Enquirer: 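Once you've had a glance at the structure underneath, I'll fire off some questions.
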Amino acid sequence: MDIESLTQDNLPEMAEIWQQTLNWQPTNFQFQQFQKLYELIIEGNRQLNLTRITAPAEFWEKHLWDSLRGIAPKQEFIPGIEQSKRIIDIGTGAGFPGVPIGLIFPNSQVTLLDSTGKKIAFLETILSALAMKNGKTLLGRAEEIGQQRQHRENYDVAVIRAVSNVSVCAEYALPLVKKGGLAVIYRGSWSEAENESLETAVSQLGGEIELIEEFTTPLSQSMRHCLYLGKVANTPISFPRGVGIPTQKPI
Ligand code: SAM
């Protein structure tokens with residue numbers, strides 16, 4: 001199926017691609033939830049500038065498929081993710097990748113963190129419209145949340161997509177992850193220079209690079225990378241640094 005032939009009505013027909021690329025298929029209920037999520041995002045976009053990705057095919061590929069590609073095939077890295085794991089999506093925006101992840105792992109608890117109040121308010125309406133009981137929102141800055149006792153080193157998995165450069169993403173994510181847990185940084189392109197800055201940051205934050213995976217998206221063949229960072233030691237208390245410092249002076 002090509003992009004041009006996709007319409008809002010045939011999103012459910014993407015089953016074959018799910019199967020080929022992720023060796024997984026949504027249930028009928030999950031299809032319906034994805035469809036509803038799409039409609040809610042389009043509706044929300046009329047008032048809020050949530051996302052530029054609104055065409056059905058693009059939404060399917062860049063929001064749904066991309067969100068799940070980072071985590072669904074990685075069950076060997078995240079043993080038992082389908083069972084009562086605590087997951088945090090940092091800088092979730094309109095709910096990606098956290099909402100699709102929450103929809104396919106209903107037994108895991110997904111915290112959707114963003115610093116923008118209007119996005120958090122919108123996500124509240126999404127969670128309630130989808131009856132997604134395993135999701136909750138959190139308004140705040142990752143730099144502050146990462147220093148709060150109830151959140152620091154309290155998550156099995158942190159996911160972060162399109163928030164900042166790689167060492168900033170690592171500084172936001174690793175303090176929130178428990179020892180033995182995993183941070184997943186979603187990226188488009190990736191370079192050798194970034195590899196070096198990631199290594200420097202990760203070693204200071206109590207992490208180690210487990211895997212950098214390169215792949216292309218199934219419809220537009222766009223380049224993607226996912227960085228899987230294991231949490232191997234406690235993060236020194238000096239991280240994350242104060243609000244704005246990680247972006248002004250990346251590690
Ligand atoms: N992750 C979503 C996605 O991939 O579609 C949204 C990406 S959007 C470009 C970046 C989001 O990160 C914005 O909603 C912004 O409010 C949030 N953000 C940026 N810095 C943040 C911080 N320090 N703490 C929490 N949220 C932050």
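Numbering of residues begins at 1 and proceeds along the displayed sequence. Order of appearance sets the numbers: ligands from 1, and atoms from 1 within every ligand. Quantities reported herein were computed from a predicted structural model and do not represent experimental measurements.
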Enquirer: Below 3.5 Å, can you tabulate the donor-acceptor pairs from side chains in residues 116-128 to any protein atom, sequence neighbours excluded?
Expert:
| from | atom 1 | to | atom 2 | distance (Å) |
| --- | --- | --- | --- | --- |
| T116 | OG1 | D114 | OD1 | 3.3 |
| E124 | OE2 | T137 | OG1 | 2.4 |
| T125 | OG1 | F122 | O | 2.5 |

Enquirer: Keeping K231 on the side-chain end and V177 on the backbone end, is there a donor-acceptor pair under 3.5 Å?
Expert: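 Flag set: sc K231 to bb V177 pair under 3.5 Å.
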Enquirer: Distances only, to 0.1 Å: what are the N or O pairs between ligand 1 and the protein that fall under 3.5 Å?
Expert:
| from | atom 1 | to | atom 2 | distance (Å) |
| --- | --- | --- | --- | --- |
| ligand 1 | 1 (N) | G91 | O | 2.8 |
| ligand 1 | 1 (N) | F96 | O | 2.8 |
| ligand 1 | 1 (N) | R161 | O | 2.9 |
| ligand 1 | 4 (O) | R161 | O | 3.4 |
| ligand 1 | 4 (O) | R161 | NE | 2.6 |
| ligand 1 | 4 (O) | R161 | NH2 | 3.3 |
| ligand 1 | 5 (O) | R161 | NH2 | 3.2 |
| ligand 1 | 14 (O) | D114 | OD1 | 3.3 |
| ligand 1 | 14 (O) | D114 | OD2 | 2.7 |
| ligand 1 | 14 (O) | K119 | NZ | 3.1 |
| ligand 1 | 16 (O) | D114 | OD1 | 2.6 |
| ligand 1 | 16 (O) | T116 | OG1 | 2.9 |
| ligand 1 | 23 (N) | R141 | NE | 3.4 |
| ligand 1 | 23 (N) | R141 | NH2 | 3.4 |
| ligand 1 | 23 (N) | E143 | OE1 | 2.9 |
| ligand 1 | 23 (N) | Y172 | OH | 3.3 |
| ligand 1 | 24 (N) | A142 | N | 2.9 |
| ligand 1 | 26 (N) | S115 | N | 3.3 |
| ligand 1 | 26 (N) | S115 | OG | 3.4 |

Enquirer: Could R187 and E194 be called an ion pair, given the rule that one side-chain N must be under 4.0 Å from one carboxylate O?
Expert: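 Salt bridge between R187 and E194, a charged N being under 4.0 Å from a carboxylate O: yes.
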Enquirer: What pairs meet the side chain to side chain donor-acceptor pair (under 3.5 Å) rule with one or both residues in residues 239-250, with sequence neighbours excluded?
Expert: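 Residue pairs with at least one partner in residues 239-250: E171-R241.
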Enquirer: Do you know which two heavy atoms are closest between Q204 and P236, and how far apart they sit?
Expert: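 Nearest heavy atoms, Q204 then P236: O-CD, 3.4 Å.
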Enquirer: Please list, chain by chain and in numerical order, all residues satisfying salt bridge (charged side-chain N to carboxylate O under 4.0 Å, His left out) with R46, sequence neighbours excluded.
Expert: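 For R46, the residues satisfying salt bridge (charged side-chain N to carboxylate O under 4.0 Å, His left out) (neighbours in sequence not counted) are E43.
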